[in-house]
Amino acid sequence: MLKRGLAVAWALLCAAIPGGAVAQNNIPSPTLDAIRARGALACGINPGVAGFSLPDSRGVWQGFDTEMCRGLAVVIFNDPSKVRFVPLSSSTRFTALGSGEVDVLFRTSTQTMLRDTTLGLRHVTTYFYDGHGFIVRANSGVSQAREMRGATICLLQGTTNEQVTADYFRSVNVPFQPVIFERPDQAQAALLSGRCDAYGTDASSLAAMRSTMPVPAEWTVLPERFSKEPYAAYIRRGDDNWHDIVRWYTTAIIEAEEQGITQANAEEMRRSSVNPNTRRLLGVTPELGQSLKLDPAWAYNVIRAIGNYGEIYNRTMGPDTPVGLARGPNRLHSDGGLLYALPMR
Ligand SMILES: N[C@@H](CCC(=O)N[C@@H](CS)C(=O)NCC(=O)O)C(=O)O
């Protein structure tokens, strides 16, 4: 009797949620409404890290994070220019987001439990895997961080790197002298003048800083990594639909690379692909767009505007750019990396 009752309940449940059906969510998104009313996305970015966000000689923001902002503007407006870039320091970024100054942060921001649980904010989904490291003078004789007994180490206020550095040196019982700055240019000047023996931050930012040193060969990024620094967009709590949009937009860029869809072939793939995954992603069939209450072509428009993950990476910080970062953990899972798009169906 009980068994039959359970079987009937199970059958009813399955009938209620047929495979692939879209559960419509009609709760509005205050963030999206505000963006549409304003006519532009307000995107919080790093004030200046090559490869992530740095103005070029014409004053145009270039980098992975700024491309992520432009792509999100395409999702909303089908126009990558409808972004207002808001540069924010490490220590003010989360308050700026919380107060509504920006709609989202794409700002080299590591996901941590306490940021997620105590700031009234939500991180979204990982789009970049990094780890904390140190840069020192190449002729310093230092090859491992634990050799820096009594060294003066530059750090930036309000970063995970402050705590990671303190935790590491405490764990190996090696004293060091922190010098805390508000901005990386101040830390760079302190390194160059010899006021600091080392600078500690995420390894991608170290590579970027090294590339902007007067003589890059005089500087070495030590090979050790002391933390996990997985970057995600941050948004305010309590706006699930905005969370869905930012999350699945980020996923779509990775999914496009997994499927081999590029800026150049997206149009052709949309016209001719018989692969149901491709047809769904590119909006030939409408269910993904419907689930987000967006144009069916939202992801197609993004790929046409900014390309897939690998294209964005290679253009902004890859081996052929001055930053010159190998893909490392930011390769697709199928290629030995950590990038793994959740199923878009
Ligand atoms: N991922 C770390 C560090 C992010 C960060 O802000 N890094 C520094 C080092 S390059 C930075 O970009 N600062 C730019 C600025 O504050 O102007 C975090 O989330 O705390």
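Please read all numbers here as calculations on a predicted model, not as lab measurements. In each ligand, atom 1 is the first atom listed, and ligand 1 is the first ligand listed.
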Residue pairs fulfilling disulfide (SG to SG under 2.5 Å) with at least one residue in residues 103-172, sequence neighbours excluded
Cys154-Cys196

Phe64/Tyr309 aromatic ring centres below 6.0 Å
yes

Can you work out which protein residues put a heavy atom within less than 4.0 Å of ligand 1?
Asn46, Pro47, Val49, Ser89, Ser90, Arg93, Arg107, Thr108, Ser109, Thr110, Arg115, Leu156, Thr159, Thr160, Asn161, Glu182, Pro184, Tyr199, Thr201, Asp202, Ser205, Glu229, Tyr231

Mark yes or no: Arg107 above the aromatic ring of Tyr234, with NZ or CZ under 6.0 Å from the six-membered ring centre and no more than 45 degrees from the axis.
no

Those residues that, when tested against Asp239, pass side chain to side chain donor-acceptor pair (under 3.5 Å) (two or more places apart)
Ser29, Thr31

Residues two or more places apart in sequence or in another chain: which of them pass salt bridge (Lys or Arg N to Asp or Glu O under 4.0 Å) with Arg38?
Asp103

Taking atom CZ of Arg195 as the centre, report whether more than 12 heavy atoms of other residues, nucleotides or ligands fall under 6.0 Å from it.
no

